[in-house]
Amino acid sequence: MFIDINTVSVKRKKIAIVVTSVLQVKFFMIPHIKALSLEYDVTLILKNDYPDILKELNLSARVLQINIARKINPLNDLRTLFILFFLFKSEHFDLVHTLTPKAGLLGIIAAWASNIPVRLHTFQGEVWANKVGLFRYFLKSLDKLTARLATHITVVSFSERFFLEKNFVINEKSAHVIANGSISGVDLTKFKFDQKLREDMRKELFLDDMAIVFIFVGRVNVDKGVPELLNSFEKLLLKFPNSYLLVVGPDEGGIFDGSSHENSFLSKHVIYRPYTHTPELYMMAADVLVLPSHREGFGMVAIEAAALGLPVIATDIYGIQDAVVNYETGLLFPLGDEGALIESMTEFASNSSRRKKMGNAARVRVAEMFEQNLVVSEMVKYYRSICH
């Protein structure tokens, strides 16, 4: 009997991607999902914390909504674990990929218990990195369990991989860094400098040509170092009264609620925007990005700003060390050292030529190492190598 192989349909592998928030999908996972959907049947499992945003995304994947709590919640976590277990049992996925600590722990345990053959977890920053005592030990143990039950591990930066190896969370050389690192690379068609857009955005923010604008983009909380940034900027203003600080991101720490600076000089120089669909426009209006974070797996915002020609001031910690080259594309300062942060901000406030030189170097580096198509294509290749 003759069989025309062109008429034989090849059954596509089924994969599930588990995350804790719609925002993670919006900012990092859409290009991956689009690329993977061309070869696999993709199911996205997440908490529907921003339903309007989820509708706007128009994802090329089936979406299942499960209440995966970001913080520790024993009853809800146990319920979520059972839901994931029965879902995986009934769906027979070929691969389960988890991102973020909570999604990783619950998703990998459920995938292991339901005999999913390929269990991939991506480490992208450890919540215990800046903790101490028993709580650090407990959280670290959870990451160790995730790593032990996963069949494959990726890490978003080389310095994070070294950190995890040094802390015996993963075995030496057991984890893979995609391309040169980062979760998804930078879309250079989106993060592309435009002088007119810069001028328009500055007008909208009432910033003149002489203003020196520092920007922070991300979750506004203590872990991101926003209190230190505000303190340092207040001191910087004494010397550079033409400086402004633009803060863009959800205020998770209540830092801008009931501010004590409502009628002060500082309030006139700190511009806060809680959310935006277009962070690149705010970055274009700025001169320097500041990322004083206490922990980062990579520091995506640093390379996004770099793509627009912004130099970066950031903490000298693992993850960020891959995103910023000290004295070449930006300045790194010791964690929690407000004096060093002020010095770095002063350096850029007083030296426009240095800002321009480092910003240009940053733009070139991103184009060569972190272009989005490069990272996504390498991720798809990695999927093919482990799910065959």
Side-chain angles (χ1 to χ4, degrees), residues 16-29 44-51 54 64-88 96-114 116 119-150 153-156 160 163-164 167-170 183 218-227 249-255 257 293-298 317-319 335:
I17 299 172
V18 188
V19 298
T20 51
S21 173
V22 173
L23 290 182
Q24 175 143 37
V25 177
K26 174 180 172 60
F27 292 125
F28 306 126
M29 296 305 297
L44 180 64
I45 301 169
L46 48 64
K47 179 181 179 180
N48 191 17
D49 46 356
Y50 293 92
L54 184 60
L64 299 179
Q65 301 169 26
I66 296 177
N67 185 24
I68 307 173
R70 186 170 184 172
K71 295 183 179 179
I72 296 175
N73 185 329
L75 288 177
N76 186 78
D77 293 345
L78 186 61
R79 178 176 176 274
T80 301
L81 180 61
F82 277 106
I83 291 173
L84 288 171
F85 170 75
F86 288 113
L87 174 64
F88 293 163
V96 168
H97 183 184
T98 60
L99 302 97
T100 73
K102 178 64 74 67
L105 178 67
L106 300 180
I108 292 297
I109 291 175
W112 169 79
S114 54
I116 301 298
R119 304 180 295 274
L120 169 64
H121 178 66
T122 296
F123 282 101
Q124 49 177 335
E126 287 61 60
V127 295
W128 48 269
N130 58 339
K131 301 290 190 294
V132 295
L134 289 175
F135 192 47
R136 174 188 170 93
Y137 177 81
F138 171 70
L139 294 175
K140 183 176 170 182
S141 297
L142 297 181
D143 271 358
K144 283 186 175 182
L145 178 61
T146 300
R148 182 179 291 269
L149 296 182
I153 295 168
T154 60
V155 186
V156 294
E160 183 188 16
F163 174 81
L164 290 170
N167 281 274
F168 306 105
V169 174
I170 60 176
I183 186 69
R219 292 180 290 113
V220 179
N221 57 33
V222 172
D223 271 355
K224 291 292 185 179
V226 176
D251 187 4
E252 296 181 353
I255 291 171
D257 292 345
S293 184
H294 296 186
R295 57 181 178 85
E296 290 286 340
F298 182 83
I317 57 174
Y318 79 85
L335 174 62

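In this structure a side-chain-to-backbone donor-acceptor pair under 3.5 Å is present from Asp251 to Ile255. At least one donor-acceptor pair under 3.5 Å links the side chain of Asn221 to the backbone N or O of Asp223. Side-chain atoms of Arg136 do not come within 3.5 Å of backbone N or O of Asn130 as any donor-acceptor pair. Looking only at distances, no side-chain donor or acceptor of Asn73 sits under 3.5 Å from a matching main-chain atom of Ala69. Of the possible donor and acceptor atoms, none in the side chain of Thr122 sits under 3.5 Å from a partner among the backbone N and O of Val156. Counting only distance, with no hydrogens or angles, the side chain of Lys102 and the backbone of Lys71 share a donor-acceptor pair below 3.5 Å.
To the nearest 0.5 Å, atoms CZ (Phe28) and CG (Leu23) are separated by 9.5 Å. Here Leu106 contributes atom CG and Phe85 contributes atom CZ; the two are 14.0 Å apart, rounded to the nearest 0.5 Å. Here the CD-CG distance, from Gln65 to Leu54, works out to 5.5 Å after rounding to the nearest 0.5 Å. Atom CD1 in Ile68 sits 10.0 Å away from atom CG in Asp49 (nearest 0.5 Å). In this structure, Asn76 CG and Leu81 CG are separated by 11.0 Å, a value rounded to the nearest 0.5 Å. Atom CG of residue Leu164 and atom NZ of residue Lys140 lie 9.5 Å apart, to the nearest 0.5 angstrom.
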Test log, rule side chain to side chain contact (heavy atoms under 4.5 Å, CB included), inputs Phe163 and Glu126: CA-CA 10 Å; Phe163 174 81; Glu126 287 61 60; 4.0 Å; yes
Derivation and outcome, side chain to side chain contact (heavy atoms under 4.5 Å, CB included), residues Val220 and Glu252: CA-CA 6 Å; Val220 179; Glu252 296 181 353; over 6 Å; no
From CA spacing to verdict: side chain to side chain contact (heavy atoms under 4.5 Å, CB included), Phe123, Glu160: CA-CA 8 Å; Phe123 282 101; Glu160 183 188 16; 3.6 Å; yes
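A donor-acceptor pair shorter than 3.5 Å can be found between the side chains of Ser293 and Glu296. Between the side chains of His121 and Thr146, no donor-acceptor pair of N or O atoms lies under 3.5 Å.
Under the 4.5 Å side-chain criterion, counting only non-hydrogen atoms from C-beta, Arg119 is in contact with Trp112. Leu84 is listed as a side-chain neighbour of Thr80, based on a closest heavy-atom distance under 4.5 Å. A heavy-atom distance below 4.5 Å is found between the side chains of Val25 and Val19. Between Ser21 and Leu46 the shortest side-chain heavy-atom distance does not fall below 4.5 Å. Between Ile66 and Lys47 there is no side-chain heavy-atom pair separated by less than 4.5 Å.
Summarising the geometry of Ser114 relative to Phe88, their closest heavy-atom pair is OG-CB, 3.2 Å, with the distance given to 0.1 Å. The two residues Pro101 and Gly125 make their nearest non-hydrogen contact at CG-O, 4.3 Å. Closest of all the heavy-atom pairs between Leu105 and Leu145 is CD1-CD2, 4.0 Å. When all heavy atoms of Lys144 and Val169 are compared, the pair lying nearest together is CG-CA, 3.9 Å. Of all non-hydrogen atoms in Leu99 and Met29, the two that sit nearest each other are CD2-SD, 3.9 Å.
Other residues, nucleotides and ligands contribute more than 12 heavy atoms inside 6.0 Å of the CH2 atom of Trp128.
When Val96, Ile17, Thr20, Leu87 are each tested for a side-chain contact (heavy atoms from CB on, under 4.5 Å) with Ile45, only one passes: Leu87.
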